[in-house]
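Order of the sequence lines fixes the chain letters, A, B, ..., with proteins taken first and strands second; residue numbering starts at 1 for each chain.
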Amino acid sequence: MEKEDNFADWYLDIVEKANLSDKRYPIKGMNVWTPYGWKAMMNIDHFIRKELDATQHDEVCFPLMIPETEFKKEKDHIKGFDSEVYWVTHAGLNELDVRLVLRPTSETAMYPMFALWVRSHQDLPLKIYQIVNTFRYETKQTRPFMRVREIHFFESHTCHVSEEDAQCQIEEDVEILSKIAKRLCLPYFLSVRTDWDKFPGAYYTVGIDTVMPNGKTLQIGSIHHYRTNFSEPYEITYENENGEHKHVHQTTYGMSERLLGAVIGVHSDDKGLIMPPDIAPFQVVIIPIFSKDNSAVVTEAARGLLSKLSDHGIRAKLDDRDVRPGSKYFDWEIKGVPLRLEIGGRDIENNVATFARRDNGEKGTIDLDSVGQGVELILGVISSALMERAKNILMSKVQEIDSLENMPEGRILKFGWCGCEECGHKFEDTYELKILGTPYNSKEKYAGRCLVCGKETDRSVIAARTM
RNA sequence: GGGCCCGUGGGGUAGCUUGGUAUCCUUGUAGCUUCGGGAGCUAUUGACUCCGGUUCAAAUCCGGGCGGGCCCA
């Protein structure tokens, strides 16, 4: 199956062959996490926890269901979600007086509680997060990890005394993002979404996007500044030093299992998946190579190798199935194990293991005496190489244009925009592209003309086809 | 909301027009021989989405349900 020519089919094929998830569960858009896929997701979650904990966020877990009465309090919010939530209308044999929604996101579950938790400025900042499943009734075509109805994600919610403090939180979120993305070897770009595309109820939204091989962008997360848009209806207030009661300023930040979808799309090739070493369920697979009379010796050497790597904190797997080596190579290549180690009679004689890199096919030998350090080094090199390659691909797809003539296909376009909705909609409708927004915190000053109306502007936007 | 299409072993499929024995690849299981890039041989498990109708007989024709996909709004 070829990645470039038919990304959609290729993607489904890889997900199935690598056994990341089982999409045969009889509800559209609700797939079963199989062990291999779940291991990878847990590794991603591990880094999310690590970074959020390191920045003084506390993990919590809120109930799945939200009463309609709370859900309705923020009117923009429900307007954005009411067509895509699941309703619980009955309990046992009774119809409920107050219907319940399965959370599509947890603002309306958390904020009534925040109102109770936050009393004084000394309670702030409040920084919490949870890693849970949410539910959205997708009507479009679903795709494993990328567009699902039950979404595994993390959401962090913060409350601050002022808009400035909330803004600092957003900077911190961007910092956290860069650390997580590095683990996944994922390049991305940030855009401040247009007003008509921002999160329902947000003051502004920063979208986090990456690009798939077919040139379409995939949103992998978002960061929102709410100002007091939620704290007003939910009455989340604090008492300041002067005894005045003020509404808190809030932010949220969320990324989902799409991170895994993005990793698959960005790094894999026609042979299968390529797992970034940090999140790979198995970083190394050991293939013993037997010949006529040496099976005991080779088995022992392979087990020794496994325990050395494990002692070194490397996730290694010994494939001792009774099939030929070539068949094992194929199996683990599909699953994207970053490094393969072969050990056979020849290697044992020379006190080495033969390695093969998944990302570029490079082969060589590693000294068995220092195999832990050797493997660690190569895994680091693979991470950098994956990141580098992905960055180059992303950069190569970005193109700046200053005219509506000869618009390139399959590119991420950058151009001037006067900022008015009319020009924005006109562009989106005419070219079937989506305006992702203006580059977030861009250092460079833009000077040009609005691509649609020709008015001079210092504002640029990014537009692309989206997954 | 309107229209169209599809449902066959674990996965991918043929068969359906013209009703009668369900095809092939892959996978799984057991054994023997093998093992530095998908091994071979032998044996073997496994399917017509569900309910109803027509018929001597339904994967095939008809109606409905469920599940999935596509297009338009």
Side-chain angles (χ1 to χ4, degrees), chain A residues 1-2 6-37 82-84 86 137-150 214 216 269-274 284-303 305 317-366 368 371 425 428-430 432 465 467:
Chain A
M1 189 73 70
E2 282 162 19
N6 192 344
F7 178 67
D9 289 345
W10 170 89
Y11 179 83
L12 281 178
D13 200 49
I14 292 293
V15 169
E16 189 195 319
K17 287 191 175 141
N19 217 316
L20 291 166
S21 106
D22 196 329
K23 64 181 169 65
R24 292 172 299 180
Y25 192 79
I27 300 178
K28 176 187 164 99
M30 295 192 186
N31 304 323
V32 179
W33 287 93
T34 45
Y36 195 65
D82 59 357
S83 66
E84 53 177 276
Y86 284 92
Y137 180 69
E138 276 290 345
T139 53
K140 295 228 169 64
Q141 185 180 9
T142 56
R143 201 191 302 283
F145 312 125
M146 287 191 185
R147 178 169 284 120
V148 287
R149 288 173 164 177
E150 179 169 359
N214 59 7
K216 292 186 178 176
D269 61 20
D270 292 352
K271 288 178 176 174
L273 261 177
I274 302 179
V284 175
V285 61
I286 300 165
I287 313 279
I289 309 289
F290 301 111
S291 57
K292 278 209 171 2
D293 302 312
N294 70 359
S295 73
V297 182
V298 170
T299 300
E300 198 197 319
R303 287 191 183 147
L305 182 52
K317 166 98 180 166
L318 170 59
D319 187 352
D320 53 7
R321 290 176 300 159
D322 184 21
V323 293
R324 297 169 69 118
S327 160
K328 296 180 185 178
Y329 300 165
F330 275 78
D331 288 349
W332 295 108
E333 275 165 8
I334 288 172
K335 284 180 169 293
V337 174
L339 190 66
R340 181 176 82 227
L341 289 182
E342 299 162 27
I343 185 152
R346 272 194 332 245
D347 302 300
I348 294 170
E349 267 175 42
N350 297 322
N351 197 39
V352 297
T354 300
F355 74 81
R357 277 171 61 173
R358 173 65 182 85
D359 62 322
N360 65 1
E362 186 190 319
K363 291 184 184 180
T365 56
I366 311 184
L368 279 182
V371 72
H425 286 310
E428 287 190 331
D429 296 345
T430 311
E432 291 179 329
R465 277 186 219 286
M467 283 297 293

Quote, to the nearest angstrom, the C1' distance that separates B:G2 from B:U55. 37 Å
Sequence-aligned protein contact record of nucleotides 31-37 of chain B, with B where the base is within under 4.0 Å of a protein heavy atom and S where only the sugar-phosphate is: ---BBBB
N/O to N/O distances under 3.5 Å, protein versus nucleotides 68-73 of chain B:
unit_1: B:G68; atom_1: OP1; unit_2: A:Lys28; atom_2: N; d: 2.4
unit_1: B:G69; atom_1: OP2; unit_2: A:Lys28; atom_2: NZ; d: 2.6
unit_1: B:C70; atom_1: OP1; unit_2: A:Gln141; atom_2: OE1; d: 2.2
unit_1: B:C70; atom_1: OP1; unit_2: A:Gln141; atom_2: NE2; d: 3.2

Applying side chain to side chain contact (heavy atoms under 4.5 Å, CB included), can you list everything that pairs with A:Thr139, at least two apart in sequence or on another chain? A:Tyr137
How would you list, by chain and number, every residue that makes a side chain to side chain contact (heavy atoms under 4.5 Å, CB included) with A:Asp319, sequence neighbours excluded? A:Val285, A:Ile287, A:Arg321, A:Lys328, A:Trp332
Hits for side-chain hydrogen bond (donor to acceptor under 3.5 Å, both in side chains) against A:Arg143, two or more places apart or cross-chain, chain-then-number order -> none
Side chain to side chain contact (heavy atoms under 4.5 Å, CB included) against A:Val298, all qualifying residues, sequence neighbours excluded: A:Pro288, A:Phe290, A:Asn294, A:Ile348
Inter-nucleotide P distance (B:G12, B:C72), Å rounded: 27 Å
Checking A:Asp320 now: which residues fulfil side-chain hydrogen bond (donor to acceptor under 3.5 Å, both in side chains) with it, not counting sequence neighbours? none
side-chain hydrogen bond (donor to acceptor under 3.5 Å, both in side chains) partners for A:Glu428, two or more places apart: A:Trp196
Separation of the C1' atoms in B:U44 and B:U27, to the nearest angstrom: 14 Å
Please list, pair by pair, any protein nitrogen or oxygen found under 3.5 Å from a nitrogen or oxygen in nucleotides 43-47 of chain B.
none

Counterpart residues, salt bridge (Lys or Arg N to Asp or Glu O under 4.0 Å), relative to A:Asp22 (two or more places apart): A:Arg24
Please evaluate residues A:Trp33 and A:Tyr25 with respect to the criterion ring-ring contact (aromatic ring centres under 6.0 Å, His included), reporting the C-alpha separation (whole Å), side-chain torsions for both, the decisive distance (0.1 Å), and the verdict. CA-CA 10 Å; A:Trp33 287 93; A:Tyr25 192 79; over 10 Å; no
Any residue meeting side chain to side chain contact (heavy atoms under 4.5 Å, CB included) with A:Glu333, in chain and number order, not counting sequence neighbours: A:Lys271, A:Tyr329, A:Arg340, A:Arg358
Results of side-chain hydrogen bond (donor to acceptor under 3.5 Å, both in side chains) for A:Ser21 - residues two or more places apart only: none
